[in-house]
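Please read the structure below before turning to the comments.
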Amino acid sequence: MEKERKVSFMHILFAALIGSAAFLGAYVPLLLLLLPAFLAFVAVAWGNVCFAIALAAAAIGVYTGCGGVIVSALYDIAIFAPAAVIIALVINKKQPHRVGVAAASGALALGGYLLLCLPSLLAGKDPFALLTEGMVSIVESLTAVFKSMSEVPVGMADALEYIQLLPSMVPEMATMLLVGAAMVAGFANYIIAYALSRRTVKELKPMAPFRLWQLSRSFTWGALILLLGAMIVTNRGMINAAAISVAVQTILVGPFALSGMCFFEFIASVRAGSGALIRIVVYAAVALMMPYSIIGLAIIGMADRIFHIRKKYIDNIAQR
């Protein structure tokens, strides 16, 4: 979105088709989370005119898919439109890639928050009130089914007790899913948009290999500020303090876990003979030990950030 590029009829047609895919988002919500990547690609590769056409087509598609309910359409547009604009701006302005990933994730998280919580806030309730009420209805239905059984299976009573706790856990669960999904989607959208744009526009800011990705010093300071804020909110017993604490934990664990994966990829790349085996073992362990493996990766990523293990290794090689 920095300079206009030559636009042909085919560009306009493909831009409209890409935007129209938003219609399917009403039936497959995952498509809305990935739409920013393709909209941003249109902006970077074909310019502002095609981007505006794609956005307009996406808005019409969402409006149609929502059955003409404008409020629902606006909620959906809030999920993908800001993230698409941010990704396109960061790529075109050649800003640090980590800025694009973080900003896109934040925009997606905010859009998801508006979708899930704004109706409750407008009704004068807590942010997660409607979600909690929905969970209460589900729990009551399940409880009625269990009580209607002539004989409750072994272990089902304990399961019922756990199920009855679910409404009280809605803020924490919803926040974890919302922030986690936004971080993954922000990262995926930026990588997809950059990879597609790179095939069309050659003068983009280069991206370092995955094994050399690093968290910035500002992220470390930001992490400390977030932790301090979470502690203050928790100690003061504010509304949904537990959900805020979970959000902070998710925000911090995600990037550090990614850094941990980068560390293992770096180790595999410098071990020429056993690199493939290291990758197989690490990826298999991460998949089999979910979600505990994420915590392990975050600890490794944090250690690498504090002690600069990869940087020291590279410096030592350079000095030989």
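Basis for what follows: all heavy atoms, side chains included, without hydrogens, waters or symmetry-related copies. Everything numeric in this text was worked out from a predicted model, so none of it was measured.
- No continuous path of hydrophobic side-chain contacts links L177 to Y75 [ILVMFWY only; heavy atoms under 4.5 Å].
- Two residues are said to be in side-chain contact when any heavy atoms from C-beta on lie closer than 4.5 Å; H11 and V49 fail this criterion.
- Residues V286 and M261 form a side-chain contact, since some pair of their non-hydrogen atoms from C-beta on lies under 4.5 Å apart.
- Under the 4.5 Å side-chain heavy-atom criterion for grouping Ile, Leu, Val, Met, Phe, Trp and Tyr, L297 is not connected to L288 through any hydrophobic cluster.
- Linking Ile, Leu, Val, Met, Phe, Trp and Tyr residues whenever their side-chain heavy atoms come within less than 4.5 Å leaves V28 and V184 in two separate clusters.
- Neither L17 nor I60 shares a network with the other; the hydrophobic side chains, linked directly or stepwise wherever heavy atoms of I, L, V, M, F, W or Y lie under 4.5 Å apart, form separate groups for each.
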Q | Full working for side chain to side chain contact (heavy atoms under 4.5 Å, CB included) between F41 and I87 | A | CA-CA 9 Å; F41 161 70; I87 293 172; over 6 Å; no

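- Nearest heavy atoms, C262 versus F210: SG-O, 3.3 Å.
- Residues V42 and F14 have side chains not in contact (no heavy-atom distance under 4.5 Å, counting atoms from C-beta outward).
- Taking CD1 of I191 as the reference point, atom CE of M207 lies at 4.0 Å (rounded to 0.5 Å).
- When atom types are taken as modelled, the side chain of R211 and the backbone of V270 share no donor-acceptor pair closer than 3.5 angstrom.
- From F187, atom CZ reaches atom CG of L258 across 5.0 Å, with rounding to the nearest 0.5 Å.
- Rounding to the nearest 0.5 Å gives a distance of 7.5 Å between CG of L212 and OG of S269.
- Nearest heavy-atom pair, F80 versus L32, reported as atom, atom and distance to 0.1 Å: CB-O, 3.6 Å.
- Here I70 contributes atom CD1 and S72 contributes atom OG; the two are 10.5 Å apart, rounded to the nearest 0.5 Å.
- Two residues are said to be in side-chain contact when any heavy atoms from C-beta on lie closer than 4.5 Å; P167 and E140 fail this criterion.
- Note that the CG atom of D304 and the CZ atom of F256 stand 10.0 Å from one another [nearest 0.5 Å].
- For the pair K94 (side chain) and E203 (backbone), a donor-acceptor distance under 3.5 Å is present.
- Note that the CG atom of N189 and the CG atom of L39 stand 9.0 Å from one another [nearest 0.5 Å].
- Residue P36 comes nearest to L108 through the heavy atom pair CG-CD2, 4.3 Å, listed as atom of the first residue, atom of the second, then distance.
- With contacts defined as side-chain heavy-atom distances shorter than 4.5 Å, the pair Y190/V90 qualifies.
- In this structure, L118 is not a member of the same hydrophobic cluster as L130, with clusters built from ILVMFWY side-chain heavy atoms closer than 4.5 Å.
- For the pair S105 (side chain) and V101 (backbone), a donor-acceptor distance under 3.5 Å is present.
- Nearest heavy atoms, G260 versus I300: CA-CG2, 4.4 Å.
- Between R279 and E265, the shortest heavy-atom contact is NH2-OE2, 2.9 Å.
- In this structure, S197 contributes its side chain and Y194 its backbone to no donor-acceptor pair below 3.5 Å.
- Between the side chain of W213 and the backbone N or O of A208, at least one donor-acceptor pair lies under 3.5 Å.
- Of all heavy-atom pairs between V201 and A45, the closest is CG2-CA, 3.9 Å.
- Residues V44 and L204 form a side-chain contact, since some pair of their non-hydrogen atoms from C-beta on lies under 4.5 Å apart.
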